[in-house]
Amino acid sequence: MQSTWSHFIGGAYTGDTAALHEYDPRSAAVSFAIAAGDAATVDAAVAHAKQALAGWRTTKPLARGRVLVAVAAAIRANAARMSAIERAETGKPLPVSLAEVEVTAQYFEFYGGIAPLVHGESIPLGPDYHSYSIREPFGVVGIILPWNSPLTQAARGIAPALAAGNTVVAKPSEFTSVGLLALAAIAGEAGLPAGVLNVVTGTGEAVGAPLVAHPDVRKVAFTGSLRAGQAIGHIAADRVIPLTLELGGKSPNIVFADADLDKAAAGAMTGFTLNSGQICVAGSRLLVEASVHDALIEKLTARLGAVRFETGDGHGLGPIITRAQYDRVQSMLRAAAEQGACALTAPAPLPDAGWYVAPTILVDVTPSMAVAREEVFGPVMTVMRFDTEAQAIAMANDTNYGLVAGLWTASLDRAHRVAAQIEAGQVFVNEFPSGTVETSFGGFKQSGYGREKGIEALHHYTQSKTVIMRIAKDVP
Amino acid sequence: MIALFDGTHLPKGIWTGTGCRARAGEALDRLAVDRVLVVANGSLLRETRLLDDVHSATGGRIVGLVSTGAHGATEAAMQYATHQAVAADAQAVLSIGGGAAHDIAKAVGLMARSGTDITPFIAGSTATLPPVSPLPLLAMPSTFSAAETVPGGAVILASGGKTIFGHPAIAPQYVFLDGEIVATTPRATLAASGLNAVHHCTEALYSIGRHPMSDAWATFALARLMTLLPRLAPGAGLLSAEDCQHLVEASAISGLAYGVSGLGVGHAICHSLAGRFALSHGAANAIILPHSAAFNLTHAAEPFVRMAQALNIGDLIAAIAGLSEALGTPRTLREAGLSADSFDQIAADVLADPVTATNPRPVDQAAVHAILTAAW
């Protein structure tokens with residue numbers, strides 16, 4: 001595997017010196033070296049994106065879509081290599097990384113397919129007028145990405161942005177940049193014109209901030225932490241550019257007494273251990289109706305006992321992706337214990353090397369504890385019990401976040417009644433997590449604004465223009 | 001006077017020596033156990049590699065892992081740990097840590113096998129204990145709580161307060177006194193729990209339930225604790241592995257002693273302080289120890305004379321107060337944050353606590369107030 005990588009600008013790697021190291025969290029050893037971009041690199045990338053814009057936005061939507069579908073096919077053809085790269089920078093177990101490569105392809109496939117469907121409207125103003133709206137691209141779009149699912153999150157922003165006719169400068173996390181650098185070249189080989197997708201690597205301060213501040217960047221999509229999102233929001237506000245923020249969550253997973261408890265236990269387990277808890281939609285707060293609480297805990301702890309860490313055979317959980325995040329999870333677990341929480345932990349031995357955290361269910365937790373309120377972003381779930389549906393809804397909404405929520409019930413009435421009262425951008429019923437590339441996704445409250453995925457994301461990468469024309473009555 | 005030494009509750013085996021935790025597999029073999037639940041102090045698990053050691057010592061027989069929080073042996077923690085034991089089909093419980101970990105393990109042993117909550121095992125709550133053969137326990141202490149050698153524990157109830165539960169078959173069957181585990185515990189925690197061990201000895205020696213066997217154990221343990229505990233004082237230099245080993249042996253023996261003799265009013269006060277007012281059991285004991293001894297002096301002259309002789313000191317109470325001062329543990333209830341209007345509540349708890357029954361001097365509300373006032 002190629003070990004040093006440079007920016008991808010204007011259809012080619014720039015050959016810049018690789019100055020930053022990435023680490024394989026399975027061993028804590030250096031996996032890749034990448035270039036450390038700065039404002040000048042951002043200028044160059046934006047210039048190429050701007051230059052490529054005229055050709056790309058005037059390409060017929062059907063033809064743009066055809067290119068994106070070809071990119072999807074190329075990603076699938078390169079799945080083994082993409083997965084190996086992603087594993088070396090995230091430590092994801094093989095089935096997880098292969099699934100993410102597949103979803104990455106699906107984003108290009110889906111948005112390629114609907115690229116010609118960015119329709120406008122005609123607005124009836126009577127016989128004297130002809131009025132219609134069209135949806136136009138913004139121009140150059142900046143996309144700033146986190147490290148937890150680097151490929152799918154990149155595709156989630158890039159594919160709809162390109163489908164709508166924008167060109168893109170993407171900044172992946174400096175911990176997980178190589179997957180997107182590889183994808184950019186694969187996309188180029190599949191027919192994406194030079195300059196349409198550019199990738200600049202480096203830190204948030206050196207690359208992310210200048211990208212948001214660049215006068216030719218007309219829209220930014222950010223996925224990451226609340227604090228970084230607020231910082232970007234300030235710059236975007238000063239520049240008066242639209243922003244999409246996806247900032248994580250503290251999502252409730254509500255189990256009612258009439259639920260299928262085996263399925264609920266399986267879903268609760270997946271909800272907080274998938275990707276070792278490093279997903280924004282993690283079901284990190286389990287709320288259980290008191291009458292089935294003990295039965296569900298027994299089922300969950302039995303599943304804890306079956307947890308294994310991946311040791312090369314492809315099965316089991318992976319590590320925490322960055323050292324800093326590993327330290328943060330450990331310190332949150334320590335603080336929870338100091339505040340009185342009792343922990344049920346998967347008993348599997350931790351691998352000798354790497355940043356592994358055993359899945360942990362915290363019980364005896366009160367709503368005021370930090371671990372019940374702040375996003376842990378690790379395999380940690382709190383459990384609280386409720387007696388009534390109204391109490392469950394109040395507890396579910398007792399958070400500053402509002403990304404997703406899960407609910408488990410056999411009652412159709414309850415499912416719709418509760419879903420209607422949950423403050424979250426997605427509600428999953430009898431599955432966790434749920435949703436696909438087709439389903440609109442984004443936060444309520446401090447989980448962010450704007451929507452990704454689905455047809456709706458296309459609208460966030462376009463701005464509407466309304467044309468109003470007077471039709472003269474007099475015939476010449 | 002005729003007295004029975006009933007040894008049925010005693011551990012079957014006590015390994016001692018630095019590194020003896022590596023022998024956990026042998027104990028599991030003796031018990032023919034393939035599936036063991038581990039209950040451990042949370043910070044111990046997070047800050048040390050002890051769990052790795054135990055994984056290798058038990059040859060992969062750990063099927064569940066519960067770690068305790070700062071609130072200690074709460075009823076909820078016991079319930080969750082029991083769910084995990086049942087779900088994992090555990091055949092034994094291994095506890096690693098201070099008193100809370102061992103007490104939770106004891107409750108799990110009872111609850112997992114009896115299918116009830118802890119209530120029937122709370123002292124005085126039922127006339128007869130339900131018939132139950134608890135899960136066998138193994139224990140590795142990290143403090144000087146002595147919980148690893150006694151057939152009962154304390155539970156912090158969800159309804160408030162702390163009370164005692166027990167069963168003759170619930171003392172850990174195999175105990176591992178490993179100074180290396182003790183050495184991972186912060187010095188201040190060890191100092192306070194060391195004074196708890198001293199308190200076990202003094203209360204065992206003047207208890208009306210005492211027996212020559214408990215006297216022998218308590219006298220030996222008291223002498224060793226009074227000699228070695230000053231090495232835990234701030235600035236006293238590094239504690240040697242040998243000191244840790246000798247101290248944990250002495251504290252375990254203090255538990256053997258009071259498991260026979262019972263305790264007294266001093267521990268009853270500490271149960272209330274820890275259960276209702278969030279003092280650690282160690283800190284509560286550090287404060288109360290000199291005052292429970294002073295309170296009982298007039299009604300236990302002979303034991304006090306023997307204690308002083310064994311230690312070769314004139315004034316035992318002054319020596320204990322001096323040790324407490326040297327160790328820098330909390331000295332007064334006021335500095336520990338207790339409110340003076342809590343005395344009535346504490347007195348009510350003490351009079352209902354079964355350990356008060358073996359106190360040599362009769363205890364009433366005024367007596368508890370007097371001790372608390374002296375400790376204020």
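What you see is a predicted model; the values in this text were computed from it and never measured. Sequence lines set the chain letters: A, B, ... in the order given, protein chains first and strands last, and positions in each chain run from 1.
- His55(B) contributes a side-chain N or O that, together with a main-chain N or O of Pro347(A), makes up a donor-acceptor pair within less than 3.5 Å.
- With a threshold of 4.5 angstrom between heavy atoms, Ala348(A) approaches chain B through N, CA, C or O but not through any side-chain atom.
- Within the model, atoms CG of Asp294(A) and OG1 of Thr82(B) stand 10.0 Å from one another, a figure rounded to the nearest 0.5 Å.
- Within 6.0 Å of atom CZ in Arg23(B), 12 or fewer heavy atoms from other residues, nucleotides or ligands are found, so the atom counts as exposed in its surroundings.
- In this structure, no portion of Ala336(A) lies under 4.5 Å from any heavy atom of chain B.
- Heavy atoms of Ala88(B) lying under 4.5 Å from chain A are absent altogether.
- Of the two parts of Leu344(A), the backbone and the side chain both hold a non-hydrogen atom closer than 4.5 Å to a non-hydrogen atom of chain B.
- Between chain B and the residues Gly340(A), Cys342(A), Ala341(A), the largest count of heavy-atom pairs under 4.5 Å involves Gly340(A).
- Considering all non-hydrogen atoms of both residues, Ala302(A) and Ala87(B) come closest at N-CB, 3.6 Å.
- Of the listed residues (Gln79(B), His83(B), Gln84(B)), the one with the most heavy-atom contacts under 4.5 Å to chain A is His83(B).
- Only the side chain of Thr74(B) comes within less than 4.5 Å of a heavy atom in chain A; its backbone stays farther off.
- For Leu65(B) against Ala346(A), the heavy-atom pair with the smallest separation is CD2-O, 4.1 Å.
- When heavy atoms are compared at a cutoff of 4.5 Å, Val63(B) approaches chain A solely by way of its backbone atoms N, CA, C and O.
- Contacts with chain A were tallied for Ser67(B), Ala81(B), Ala76(B); Ser67(B) has the most, counting heavy-atom pairs under 4.5 Å.
- Of the two parts of Leu333(A), the backbone and the side chain both hold a non-hydrogen atom closer than 4.5 Å to a non-hydrogen atom of chain B.
- For Arg334(A), the CZ atom is densely surrounded, since the number of other residues' heavy atoms within 6.0 Å is greater than 12.
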